[in-house]
Amino acid sequence: MTRIWLDELGRHVGEEVEVGGWVFNFRSSGKIHFIQLRDGTARVQAVCAEDNVSDDVFARCDGLALESSVRVVGAVREDARAPGGVELVVKDLEILSAALEFPIQKKEHGVDFLLDRRHLWLRSPRQEAVLKVRSAVERAIADFFDGRGFVRVDAPILTPTSPEGTTTLFQTDYFGEPAFLSQSGQLYMEAAAAAFGKVYCAGPTFRAEKSKTRRHVMEFWMIEPEVAFLDHEGNISLAEDLVSAIVSGVLARRRAELDVLERDVAALERVKPPFPRVTYDEAHKLLAAKGYDFPWGGDLGGDEQTALAEEYDTPFFVEKFPVSAKAFYMKRCEDDARLTYSIDVFAPEGYGEIVGGSCREEDLDKLIENVAAHKLPPEPLEWYLDLRRYGAVPMAGFGLGLGRTVMWICGLKHIREAIPFPRMLNRFYP
RNA sequence: UCCUCAGUAGCUCAAUUGGCAGAGCAUCCGGCUGUUAACCGGAGGGUUGCAGGUUCGAGUCCUGCCUGAGGAGCCA
């Protein structure tokens, strides 16, 4: 007899099968036991009645500790009383490993308790749903770029410098020389785009920011496309197409999981290009009219983002940020040197920024000026400046935060649940 | 780094003006042949985060520290 996965059970009604799994709940009425099993593909109930099995098997089923691992042989039967409509009638059960008292119970727990047991918390239905959505997001991203002829190029994680200043870098030792964990793969993607035209990377990035908000972690995955000959308008199209493809991919494959998460699916079904656009100037005026008094030239704070998001019920763009708010490599607008060809995408419902990007400065002299103005050491950036010495072209791209995107799509209160093993301020166990 | 809040049984939380430290769940024992976070009966379970102080008396008030949470700045 071959072992099947629990999600295949419905195709074997009337047959005898073998399954393996973990006991996520156990109930008993004395002479009939209900063993609820999960194996990662589905959750199914096994029934063990005293009349139908040997005394030996019945005794083994009695009082199974939660999260014990078992192998079960039984007959598949349709029964309206079973959750899901299909159940397994136990013929034989082998306990592979009897679990100790499982610390995570069916009722509520605090955040601290759960995060200390993240390795076990992953087994809970909500966590399973979130991480399956995350997997679907990653697949949608890969499909999207693959379908458009992009080459995936992996950026290094150990780097000699950073594109965005050095104050928030994790430093380590590289055989006697300082090295930093990557904050972004973008500079490397520009080199790759000059080789392959359309590229993207997807990998972990690190920021040693002592941030404690629902949208920050120290280690997060970022998806960074970079395209040669792409202009500001093209960059906007690419971003809204990508975000829309991600959402429709999840809606196509993970409805059941969104249901578990009690996500308002109607809000996701509205996500279609084109997204509304507002310039930084317009946003600044709009916020001033609402009573937010922040200086022109600064970035949008959390309160400002929230106030702006109230205006839209879909993702939206803020474009053309001031030079003072953005990184050294961003290209200035031709009609206004105070502004850059930059874009941010904000998710609706208060989830904040999920994308940040720009056109890149392709002029060598202007780039050298910017490096100096940002007080960055030029030596480690020599290779990057080389890209302007050997066939510079207009180029644009952006970074999409994977965790924030998953958080928004799942409707989570905190980004930590969108990540299998989150690295947070003062917490990197387990 | 700054601001605010919290820490009591394994977990989630109560405890009136400073006056006997309690409940639900979990665990263990018993009951129940269709349970759906099963239910019913019983039992065990406490250095009230740590150190000091005020008081006849502190979970409760005061001081310091530790840990965590929410937020700000910064960002995806």
Side-chain angles (χ1 to χ4, degrees), chain A residues 24-36 43-53 58 62-63 65-66 77 79-85 87 89 100-117 124-125 162-165 167-168 183-186 202 204-224 239 243 294 298-306 321 325-327 343-347 351-357 398-408 413-416 418-419 424-427:
Chain A
F24 75 89
N25 202 3
F26 176 87
R27 303 188 194 95
S28 176
S29 299
K31 301 231 169 54
I32 181 166
H33 304 313
F34 299 93
I35 303 153
Q36 295 191 286
R43 290 170 188 255
V44 167
Q45 166 174 289
V47 186
C48 179
E50 193 176 32
D51 294 348
N52 301 339
V53 294
F58 189 73
D62 193 7
L66 299 193
R77 177 172 78 185
D79 192 314
R81 294 169 296 186
E87 65 184 12
V89 181
L100 301 177
E101 184 186 338
F102 198 63
I104 297 174
Q105 301 169 9
K106 286 169 277 183
K107 299 218 172 172
E108 59 205 300
H109 289 289
V111 173
D112 187 35
F113 181 85
L114 289 169
L115 285 172
D116 279 343
R117 292 157 186 80
S124 304
S162 98
E164 329 212 336
T167 53
T168 59
Q183 283 187 313
S184 162
Q186 187 222 307
T205 54
F206 308 85
R207 307 261 167 110
E209 295 162 357
K210 296 206 168 178
S211 304
K212 277 189 66 175
T213 80
R214 70 190 65 205
R215 305 199 334 276
H216 284 88
V217 280
M218 306 301 112
E219 175 183 316
F220 61 96
W221 276 54
M222 193 148 64
I223 316 304
E224 296 178 280
V243 171
F294 75 100
D299 214 337
L300 270 56
D303 287 350
E304 285 89 27
Q305 291 184 18
T306 306
F321 285 81
K326 290 294 173 185
I343 58 169
D344 277 7
V345 174
F346 291 85
Y351 284 98
E353 186 181 358
I354 56 172
V355 166
F398 56 84
L400 174 134
L402 182 63
R404 286 186 180 177
T405 302
V406 172
M407 174 190 177
W408 159 54
K413 293 190 299 288
H414 199 295
I415 193 171
R416 62 190 163 216
I419 298 166
M424 303 166 64
L425 193 61
N426 301 331
R427 187 192 292 281

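Chain letters run A, B, ... following the sequence lines, proteins first, then strands; residues in each count from 1.
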If we take the [atom1] atom in both [N] and [M], what is their distance in whole Å?
N      : M      : atom1 : result
G70(B) : G22(B) : C1'   : 29 Å
A6(B)  : A14(B) : P     : 11 Å
U60(B) : C20(B) : C1'   : 16 Å
A72(B) : G53(B) : C1'   : 35 Å
U35(B) : U16(B) : C1'   : 42 Å
A15(B) : G49(B) : P     : 15 Å
U8(B)  : G46(B) : C1'   : 8 Å
A69(B) : G24(B) : P     : 30 Å

Counting any heavy atom closer than 4.0 Å, what does [X] reach on the DNA or RNA strands: base, sugar-phosphate only, or nothing?
X         : value
Arg416(A) : sugar-phosphate
Glu353(A) : sugar-phosphate
Val217(A) : base

What's the closest nucleotide to the side chain of [X] if the choices are [options]?
X         : options                : result
Ser29(A)  : U33(B), A37(B), C75(B) : U33(B)
Glu101(A) : U35(B), A26(B), A72(B) : A26(B)
Glu87(A)  : G34(B), A26(B), U1(B)  : G34(B)
Gln305(A) : U27(B), C75(B), A76(B) : C75(B)
Phe113(A) : A69(B), U12(B), G68(B) : U12(B)
Glu108(A) : U12(B), A76(B), A69(B) : U12(B)
Lys31(A)  : C32(B), A76(B), G70(B) : C32(B)
Gln105(A) : A76(B), A26(B), U33(B) : A26(B)
Ser211(A) : C74(B), G70(B), A76(B) : C74(B)
His216(A) : A37(B), G34(B), C74(B) : C74(B)

Separation of [N] [atom2] from [X] [atom1] (nearest whole Å):
X         : N      : atom1 : atom2 : answer
Arg214(A) : A76(B) : CZ    : P     : 19 Å
Leu66(A)  : C25(B) : CG    : C1'   : 13 Å
Arg207(A) : A76(B) : CZ    : C1'   : 6 Å
His109(A) : A37(B) : NE2   : P     : 16 Å
Leu114(A) : G10(B) : CG    : P     : 17 Å
Asp62(A)  : G30(B) : CG    : C1'   : 12 Å
Glu224(A) : A76(B) : CD    : P     : 9 Å
Glu304(A) : A72(B) : CD    : C1'   : 11 Å

Partner nucleotide of [N] by Watson-Crick or wobble geometry (both distances under 3.5 Å):
N      : answer
U1(B)  : A72(B)
G22(B) : C13(B)
A43(B) : U27(B)
U63(B) : A51(B)
U8(B)  : none

Do the non-hydrogen side-chain atoms of [X] and [Y] ever get within less than 4.5 Å of each other?
X         : Y         : value
Met424(A) : Val217(A) : yes
Ser184(A) : Met222(A) : yes
Arg207(A) : Phe220(A) : yes
Arg404(A) : Glu353(A) : yes
Val111(A) : Arg416(A) : yes
Asp299(A) : Lys326(A) : yes

Quick check on [N]: is either OP1 or OP2 less than 4.0 Å from any side-chain nitrogen or oxygen of [X]?
X         : N      : answer
Arg77(A)  : G34(B) : no
His414(A) : G70(B) : yes
Lys212(A) : G71(B) : no

- Just say parallel, tilted or perpendicular for the rings of Phe26(A) and His33(A), cut-offs at 30° and 60°.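 Geometry flag for His33(A) against Phe26(A): tilted rings.
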
- Query: Would Phe34(A) pass as stacked on G34(B), i.e. its ring centre under 5.5 Å from the base's six-membered ring centre and planes under 30° apart?
  - Reply: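 Aromatic stack with G34(B) absent for Phe34(A).
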
- Contact nearer the 5' end of RNA chain B, comparing Arg117(A) with Gln36(A):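 In this pair, the answer is Arg117(A).
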
- Considering heavy-atom distances to RNA chain B, does Ala325(A) or Arg427(A) have its closest nucleotide positioned more toward the 5' end?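 So the residue in question is Arg427(A).
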
- Message: Closer than 4.0 angstrom, basic N to acidic O: yes or no for Arg427(A) and Asp116(A)?
- Response: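 Salt bridge present between Arg427(A) and Asp116(A).
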
